[in-house]
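Throughout, a chain's letter reflects where its sequence line sits, starting with A, and its residues are numbered from 1.
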2 protein chains.
Amino acid sequence: MNAKRMRDPEATRASLLIAAEEVFLEKGFGNTSISDISGRAGITKSLIHHYFGSKEGIWQAVKQRRFNYYSDRQLKMLENSELTLGLLRESFILYFHFLKSNPEIVRILAWMFLERDQDDCVHKDRELVEKGIERIKSGQKMGQIRSDIDPKFILFTFIGMCQHWFQDKEHFILDFCGGEKNIPEDLDELYLDAIQKIFFEGISPK
Amino acid sequence: MNAKRMRDPEATRASLLIAAEEVFLEKGFGNTSISDISGRAGITKSLIHHYFGSKEGIWQAVKQRRFNYYSDRQLKMLENSELTLGLLRESFILYFHFLKSNPEIVRILAWMFLERDQDDCVHKDRELVEKGIERIKSGQKMGQIRSDIDPKFILFTFIGMCQHWFQDKEHFILDFCGGEKNIPEDLDELYLDAIQKIFFEGISPK
DNA sequence: TAATTAATTGGCCGACCGGTTAATTGAAAA
DNA sequence: TTTTCAATTAACCGGTCGGCCAATTAATTA
């Protein structure tokens, strides 16, 4: 219906955001210029300042958008579940697949690490983390998880095993498999199986 | 002897490299200017082009130098050790502390991921990886390590648990500890203890 | 010593940076 | 229709960027 509107602020804002994300995640904040973004979006660069105030501003917006999506999804994941070992395993798998289909998250985090970005927007997941820790704690009380490890570390390890894979998978293929030949199609799943074994055996009570 | 030489190309080249590494790892490639580097080194910026050709050139040199240092050290680490579970644990701890005292490595590796660096210098550690896998395999044969997990994945997990910590420690402090207050001095060691428990319990035969 | 080579310098260049401004245009309100 | 306001544009700003070059200076060679 509005397909031919000559002006559609929402749409231009959106396509600026999309273009910005593409370029930022490809080259990082410092290497990206405003005109890179406007060029890719096919929109004058002035409009970036009009909608986002500054280069910093649109980078914030990009991050925020992605992290809101992230934590919304994650919260829903935790919402209606009492923790049992089975459900912990389930959310482990869910998280792994979430990262797999949202590689942007991994790149954003890596860029923020390198550019020493201390943005608060990342910490929307504090609530998420608290819930996760709560679940692990009760799992420990119920005797399903060994109690001699700080729940914070258990959760962090959980996250790390997944993130690290999607960050260094390429190195794995090159250095561990000796190149591109003979990589199994389901490499991701094979890895997921392996870390499940290590992780869940590792956190089980003796 | 040569302490007072007015010109010492090797020395200037070296101090340019050092300054470059400092600034690059501090601010990132894109946010660093040639004059930042030359300023810190106290050397005219023209010399950067003289020795390294371009900004890209000196960046490559920085990465290469650090990565060579990395794999050389790692190889020495593995050199004279038969694998027993005790030694595996020892090299786990060694690797962790190596990363702790060489944070540049973690940053460089993150850069390589983001820049999709297919540099040959990365593959220096293929030899490294092969040795590590060999050790784990023999550990499996001896019944010290469970055999139902691919040694490649065991090694990769090993590396990941350590790397991920030094990359996302800040997020851990913010999101998991609720800010800077009350962080134990020996947080690194506490984490190391935790992942040791998980990892070694996880790879033990039942 | 004289000639040659290489290290080092400061000054300069065009390009591009992020950001601002004033003017133009389209859509919606009156 | 007229008015009003937001969306959009192009031109422009001072500043900095990476890179280049010609001149100078120290070490090496003949």
Side-chain angles (χ1 to χ4, degrees), chain A residues 1-65 111-112 114-117 119, chain B residues 1-65 111 115 117:
Chain A
M1 41 190 308
N2 288 2
K4 287 189 176 182
R5 288 172 62 102
M6 305 213 62
R7 296 188 175 186
D8 187 342
E10 302 254 335
T12 54
R13 212 189 118 98
S15 43
L16 279 176
L17 264 182
I18 291 173
E21 178 172 282
E22 287 172 7
V23 188
F24 277 138
L25 294 201
E26 177 60 37
K27 316 203 289 174
F29 179 80
N31 279 318
T32 297
S33 72
I34 297 265
S35 14
D36 284 339
I37 300 171
S38 66
R40 163 153 338 199
I43 296 174
T44 333
K45 81 190 170 106
S46 303
L47 282 188
I48 292 177
H49 293 98
H50 183 254
Y51 285 111
F52 304 99
S54 66
K55 184 188 173 188
E56 195 75 44
I58 194 172
W59 174 224
Q60 293 266 114
V62 163
K63 286 184 292 185
Q64 213 133 56
R65 189 176 76 104
W111 279 120
M112 292 183 68
L114 284 177
E115 302 190 329
R116 300 191 193 277
D117 196 328
D119 206 332
Chain B
M1 37 188 315
N2 288 1
K4 286 190 178 182
R5 288 173 63 102
M6 304 214 64
R7 296 188 175 185
D8 188 341
E10 302 254 336
T12 55
R13 210 189 121 98
S15 44
L16 278 177
L17 264 182
I18 291 173
E21 177 172 282
E22 286 173 8
V23 188
F24 276 139
L25 295 197
E26 174 62 35
K27 315 203 291 171
F29 178 81
N31 292 314
T32 297
S33 71
I34 297 264
S35 12
D36 285 338
I37 300 171
S38 66
R40 161 148 347 195
I43 296 172
T44 334
K45 79 188 171 109
S46 303
L47 281 188
I48 293 177
H49 292 97
H50 184 255
Y51 284 111
F52 303 98
S54 67
K55 185 188 174 188
E56 196 72 41
I58 194 173
W59 172 226
Q60 290 286 116
V62 163
K63 285 188 292 186
Q64 212 134 57
R65 190 178 76 105
W111 272 110
E115 295 187 337
D117 209 327

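Here the closest non-hydrogen pair linking A:Leu16 and A:Ile37 is O-CG2, 4.0 Å. When all heavy atoms of A:Ser15 and A:Ala41 are compared, the pair lying nearest together is O-CB, 4.0 Å.
Nucleotide C:dA28 holds its P atom 10 Å from the CG atom of A:Asp8, rounded to whole Å. Taking atom NZ of residue A:Lys45 and atom C1' of nucleotide C:dT21, one finds them 12 Å apart after rounding to whole Å. Rounded to whole angstrom, the span from the CD1 atom of A:Ile58 across to the C1' atom of C:dG19 amounts to 14 Å. Note: CD1 (A:Ile48) to P (D:dA7) measures 16 Å, nearest angstrom. The NZ atom of A:Lys55 sits 12 Å away from the C1' atom of C:dC16 (whole-angstrom rounding). Atom P of nucleotide C:dT25 and atom CD1 of A:Ile43 are separated by 19 Å, given to the nearest angstrom. One atom, NE2 of A:His50, and another, C1' of C:dT25, lie 13 Å apart when rounded to the nearest Å. Rounded to an integer number of Å, the gap from CZ of B:Arg7 to C1' of C:dT5 is 11 Å.
Here the side chain of B:Tyr51 is nearest to one of D:dA10, C:dA7, D:dT8, namely C:dA7. Closest contact between the side chain of A:His49 and the listed nucleotides D:dG18, C:dG18, D:dT9 involves C:dG18. For A:Leu47, the side-chain atoms get nearest to D:dT8 when compared with the rest of C:dT8, D:dT8, C:dT9.
The environment of CD in A:Glu56 is crowded: more than 12 heavy-atom neighbours from other residues, nucleotides or ligands sit within 6.0 Å.
Residues from residues 30-40 of chain B placing a heavy atom under 4.0 Å of any atom in DNA chain D, listed by number, are B:Thr32, B:Ser33, B:Ile34, B:Ser35.
Listed by chain and number, the residues in a side chain to side chain donor-acceptor pair (under 3.5 Å) with A:Glu115 amount to none (sequence neighbours excluded).
Pairs of residues two or more places apart, or lying in two chains, that qualify as ring pair (Phe, Tyr, Trp, His ring centres under 6.0 Å) and include a residue from residues 30-60 of chain B are B:Phe24-B:Trp59, B:Phe29-B:Trp59, B:Trp59-B:Trp111.
Within the 3.5 Å criterion, the main-chain N or O of A:Val23 finds no donor-acceptor partner in the side chain of A:Arg40. B:Asp36 places no side-chain N or O within 3.5 Å of a backbone atom of B:Thr32 that could act as its donor or acceptor partner.
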